[in-house]
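Sequence lines set the chain letters: A, B, ... in the order given, protein chains first and strands last, and positions in each chain run from 1. The shown structure was predicted, so the numbers you read here are calculated from the model rather than taken from an experiment. Only heavy atoms go into these numbers, but all of them, side chains included; no hydrogens, no water, no symmetry mates.
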Amino acid sequence: MSAAQDNDLPLLTVRDVSRYYGARLGCRDVSFDLWPGEVLGIVGESGSGKSTLLNCLSGKLEPSGGEVVYQTRHEGALDVYRASEARRRLLLRTDWGFVHQNPRDGLRMAVSAGANVGERLMAVGDRHYGNIRAAATDWLGRVEIAADRLDDRPTAFSGGMQQRLQIARVLVTKPRLVFMDEPTGGLDVSVQARLLDLLRGLVRDLGLAAIVVTHDLAVVRLLAHRLLVMKDGEVVEHGLTDRVLDDPQHPYTQLLVSSVLPA
Amino acid sequence: MTQLDEGSGPAEVGVAGYNFAYLDEQTKRMIRRTILKAVAIPGYQVAFGSREMPLAYGWGTGGMQITAAIVGADDTLKVIDQGADDTTNAVSIRRFFNRTAGVAMTERTVDASVIQTRHRIPETPLRDDQILVYQVPMPEPLRYLEPRETETQKMHALSEYGVMHVKLYEDIARHGRITTSYDYPVLVNGRYVMAPSPIPKFDNPKMDRMPALQLFGAGREKRIYAVPPYTPVKSLDFEDHPFSIDRQPHSCGLCGSNESFLDEIVTDDAGGRLYVCSDTDYCRERREAGDVMNRSAAE
């Protein structure tokens with residue numbers, strides 16, 4: 001594929017996405033473009049609609065209004081919610097990836113690490129055991145899990161290893177767009193730092209685009225190029241990460257930035 | 001409704017107060033409609049209104065309801081359990097239909113028009129004028145990896161079957177080969193993945209393009225599915241770990257067969273073992289045909 005041509009169009013175009021739960025607001029009128037290789041951070045307090053928005057963007061939760069258009073590799077633009085469910089689910093397990101906050105939501109705890117990584121390969125039709133196993137071994141290495149843990153179950157892994165295993169499982173099909181919901185939540189700071197380092201390296205090496213939801217401003221400063229700040233279901237500020245964090249314009253962003261405890 | 005007469009013994013045709021073959025005609029029509037749909041969509045699990053039967057779930061209520069719906073007065077019924085005609089489940093079900101339908105019974109595979117089975121396919125190849133009815137405890141092959149029924153239905157609808165190979169992968173990773181030895185998942189007519197009921201995988205190749213109609217009934221799970229005659233049935237596998245069957249490295253101690261599926265019988269407390277055909281009819285036919293080989297000669 002030609003990178004130049006790909007970079008001419010946004011990977012994901014989001015227009016006026018709203019989601020209501022009955023009369024209650026989840027998120028309202030969110031619009032942005034995500035370009036290939038770009039990492040977008042979404043920050044905000046609990047209940048501000050971050051997860052609702054992420055689920056709407058990633059094809060898991062149909063928005064009440066608006067559209068999400070994805071630029072596919074070979075078939076042009078695809079309106080995610082007008083496409084057939086079969087097409088959308090295929091997209092979810094090939095071109096897209098979703099990293100859950102709790103690795104237990106994204107992993108099969110009852111099968112080995114190798115089977116976890118290999119599942120997406122088998123889901124797209126790989127039927128050669130040797131190849132699947134080789135790919136799984138390769139990916140465990142890339143996320144710094146020792147090769148001799150290939151046949152262990154995730155239940156035998158630490159929290160940080162489980163999270164890295166989940167990332168390997170998502171990246172094995174070489175997705176172009178990864179959604180992450182609080183990828184470092186629940187991990188202690190040293191493990192967080194290593195995971196962030198790893199993610200930053202993978203995103204750069206693979207040219208991944210990513211949308212990262214978090215309430216941790218340090219995470220977005222390290223990972224994200226651009227930032228959306230959400231409050232009460234709406235985007236209140238939008239800009240380059242450094243600009244938003246160093247020169248916040250909206251009162252809520254100012255509050256958010258000044259609330260971070262100095263280490 | 002007519003009154004029930006629980007005290008009556010065996011009758012020539014049916015038990016007083018009960019309809020032919022126990023189920024009422026409306027229920028039979030409902031089950032026949034379900035069967036027609038199942039035959040039209042090979043391997044697809046069709047929901048049906050499973051009835052209470054006078055025995056517990058897990059003892060073949062699904063298979064019995066199918067048999068009751070398709071059996072006619074001129075049919076000849078054979079019932080096997082683990083290949084044998086004389087085990088509890090087989091004897092009970094045979095007696096049930098003898099009392100409620102009065103149809104002819106046989107132990108000979110070649111003479112039967114309807115064969116209800118639990119856990120085996122007869123060794124004798126079946127013909128296109130026969131129907132094989134399986135008793136199914138767990139009709140959903142995806143259940144091992146996906147507990148949600150709504151999700152498994154969607155996976156079937158969209159042919160998302162990659163997850164089936166996760167189980168096989170796990171077998172090879174742990175044991176070096178696919179160790180799933182019964183209820184081995186199959187792909188029917190290139191479309192639906194199906195649980196073949198807990199038959200040994202030794203029997204899987206017999207399902208492929210079988211001339212007889214195969215019907216599967218799961219009473220507790222309220223599902224009926226079917227493999228029409230001459231339909232391709234492929235056992236799932238990996239390119240570098242192809243499907244293979246297991247057979248004990250022995251010959252039958254009674255008939256000497258080297259091809260049949262064998263049961264292992266412990267004969268004493270000193271390690272003595274006897275391997276015999278699990279299909280009792282096949283074994284007896286061979287012995288009656290003079291292909292006798294007594295145990296001492298075999299050893």
Side-chain angles (χ1 to χ4, degrees), chain A residues 59-60 62 83-94 96-97 104-137 139-140 145 147-156 165 168-170 172-173, chain B residues 41 44 138 140-181 183-188 190-193 201 204 232-244:
Chain A
K60 293 175 153 194
E62 182 150 12
S84 70
E85 187 171 17
R87 185 74 187 85
R88 186 157 67 238
R89 285 170 69 112
L90 180 69
L91 194 65
L92 270 170
R93 61 174 195 265
T94 52
W96 290 7
R104 284 169 178 271
D105 295 337
L107 293 173
R108 287 189 190 278
M109 301 306 282
V111 301
S112 67
N116 266 293
V117 178
E119 180 179 342
R120 273 170 70 111
L121 292 175
M122 296 182 240
V124 294
D126 202 327
R127 293 287 179 268
H128 191 284
Y129 175 80
N131 295 352
I132 293 166
R133 200 166 167 81
T137 312
W139 269 99
L140 283 195
I145 296 175
D148 63 355
R149 304 302 298 272
L150 185 63
D151 293 331
D152 288 353
R153 292 183 185 188
T155 43
L165 179 62
R169 170 186 161 94
V170 164
V172 68
T173 48
Chain B
I41 317 172
Y44 174 73
M138 186 58 250
E140 181 50 74
L142 299 165
R143 187 66 74 231
Y144 169 82
L145 290 148
E146 179 51 64
R148 287 169 296 179
E149 175 68 15
T150 49
E151 186 66 15
T152 53
Q153 286 188 8
K154 202 164 274 182
M155 291 161 83
H156 282 296
L158 302 177
S159 296
E160 288 182 8
Y161 291 135
V163 72
M164 284 312 298
H165 281 80
V166 171
K167 185 168 185 284
L168 303 180
Y169 172 98
E170 203 55 9
D171 272 355
I172 303 173
R174 264 170 214 291
H175 308 291
R177 65 194 176 89
I178 297 174
T179 50
T180 304
S181 57
D183 209 355
Y184 192 104
V186 293
L187 184 67
V188 179
R191 177 59 181 84
Y192 284 100
V193 165
K201 71 175 173 181
N204 271 22
V233 175
K234 185 184 179 304
S235 303
L236 301 181
D237 58 3
F238 285 104
E239 289 160 16
D240 47 347
H241 285 266
F243 174 79
S244 63

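- Of the two parts of A:Arg93, only the side chain, counted from C-beta on, holds a non-hydrogen atom closer than 4.5 Å to a non-hydrogen atom of chain B.
- Residues B:Val166 and A:Met122 approach most closely at N-SD, 3.7 Å, considering heavy atoms.
- The distance from atom NE2 of B:His165 to atom CG of A:Asp126, rounded to the nearest 0.5 Å, is 10.0 Å.
- Between A:Asp151 and B:Arg174, the shortest heavy-atom contact is O-NH2, 3.9 Å.
- B:Tyr169 and A:Ser112 make their closest contact through CE2-OG, 3.9 Å (heavy atoms, listed as atom of the first residue, atom of the second, distance).
- Interface with chain A: from residues 232-242 of chain B, residues B:Asp237, B:Phe238, B:Glu239, B:Asp240, B:His241 qualify, criterion being any non-hydrogen pair under 4.5 Å.
- Closest approach of A:Ala115 and B:Glu170 over heavy atoms only: CB-OE1, 3.3 Å.
- For residues 145-152 of chain B, heavy-atom neighbours of chain A at less than 4.5 Å comprise B:Leu145, B:Glu151, sorted by residue number.
- A 4.5 Å side-chain heavy-atom check between B:Lys154 and A:Arg89 finds at least one atom pair inside the cut-off.
- Counting heavy-atom pairs under 4.5 Å between each of B:Lys167, B:Glu160, B:Met164 and chain A puts B:Glu160 at the top.
- Open room surrounds OH on B:Tyr44; 12 or fewer heavy atoms of other groups in view lie less than 6.0 Å from it.
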